[in-house]
Amino acid sequence: MIHKQKKIVEVVDWLGVALIVSAYLSAVFGWVSATDWRYLTANIIGSSFVGYSSWRKKDTQPVMLNLIWIVVAIAGLFYHRG
């Protein structure tokens with residue numbers, strides 16, 4: 001059972017990384033703006049996944065980085081809404 005939980009956390013971690021990198025690539029190539037709700041939402045979800053995985057591993061620095069990333073993305077959603 002524990003092995004299965006570790007696998008799930010690992011998959012969640014990789015999905016988070018994929019979301020963050022995909023959002024970044026989309027912004028760099030001009031497919032979305034860095035203020036677009038899709039970009040910001042992908043960063044919120046991706047950072048939540050990576051942060052959760054890091055928290056489960058008791059790896060503090062990535063947890064803090066991803067919490068900050070989430071706060072900035074949420075602030076961006078509110079600042080650029082409408």
Side-chain angles (χ1 to χ4, degrees):
M1 185 64 152
I2 293 173
H3 181 66
K4 185 176 182 180
Q5 287 176 339
K6 284 184 178 184
K7 276 288 190 204
I8 291 170
V9 170
E10 193 72 22
V11 168
V12 166
D13 196 13
W14 280 108
L15 286 172
V17 169
L19 274 169
I20 294 168
V21 171
S22 296
Y24 184 64
L25 284 171
S26 296
V28 166
F29 288 107
W31 301 326
V32 297
S33 166
T35 59
D36 188 292
W37 70 270
R38 294 169 294 186
Y39 173 81
L40 296 168
T41 302
N43 276 285
I44 292 167
I45 295 168
S47 293
S48 297
F49 286 1
V50 174
Y52 171 74
S53 174
S54 299
W55 176 74
R56 290 285 308 250
K57 297 173 186 174
K58 303 199 182 337
D59 198 359
T60 309
Q61 293 89 347
V63 171
M64 291 307 300
L65 172 65
N66 284 286
L67 283 174
I68 292 166
W69 205 268
I70 291 165
V71 169
V72 170
I74 290 171
L77 279 174
F78 284 105
Y79 185 78
H80 295 290
R81 71 172 182 227

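Values below: all heavy atoms of this structure, side chains included; hydrogens, waters and symmetry mates excluded. Note that the structure is predicted; figures quoted are calculated from it, not measured.
No path of Ile, Leu, Val, Met, Phe, Trp and Tyr side chains, each step under 4.5 Å between heavy atoms, connects Val9 with Val50, placing them in separate hydrophobic clusters. Transitive grouping of hydrophobic side chains (ILVMFWY, heavy atoms separated by less than 4.5 Å) brings Val11 and Phe49 into a common cluster. Cluster membership for Trp37 and Phe78, using ILVMFWY side-chain heavy atoms within less than 4.5 angstrom, is shared. Criterion: ILVMFWY side-chain heavy atoms under 4.5 Å apart, direct or through other members. Under it, Phe29 and Val21 are part of a common hydrophobic cluster. By the rule that hydrophobic residues join a cluster once side-chain heavy atoms approach within less than 4.5 Å of another member, Ile44 and Val72 end up as members of separate clusters.
The OG atom of Ser47 sits 4.5 Å away from the CG atom of Asn66 when rounded to the nearest 0.5 Å. How far CG of Leu65 is from CD1 of Ile70: 9.5 Å, rounded to the nearest 0.5 Å. Note: Leu77 CG to Asp36 CG = 9.5 Å, rounded to the nearest 0.5 Å. Atom CD1 of Ile20 and atom OH of Tyr39 lie 9.5 Å apart (nearest 0.5 Å). Rounding to the nearest 0.5 angstrom, the gap separating the CD atom in Glu10 from the NZ atom in Lys57 is 4.5 Å. In this structure, the separation between OG on Ser22 and CG on Leu15 is 10.5 Å, given to the nearest 0.5 Å.
Contact check for Met64 versus Leu67: side-chain heavy atoms found under the 4.5 Å cut-off.
Of all heavy-atom pairs spanning Leu40 and Ala34, the tightest one is CD2-O, 3.7 Å. Looking at every heavy atom in both residues, Val63 comes nearest to Trp55 through CG2-N, 3.4 Å.
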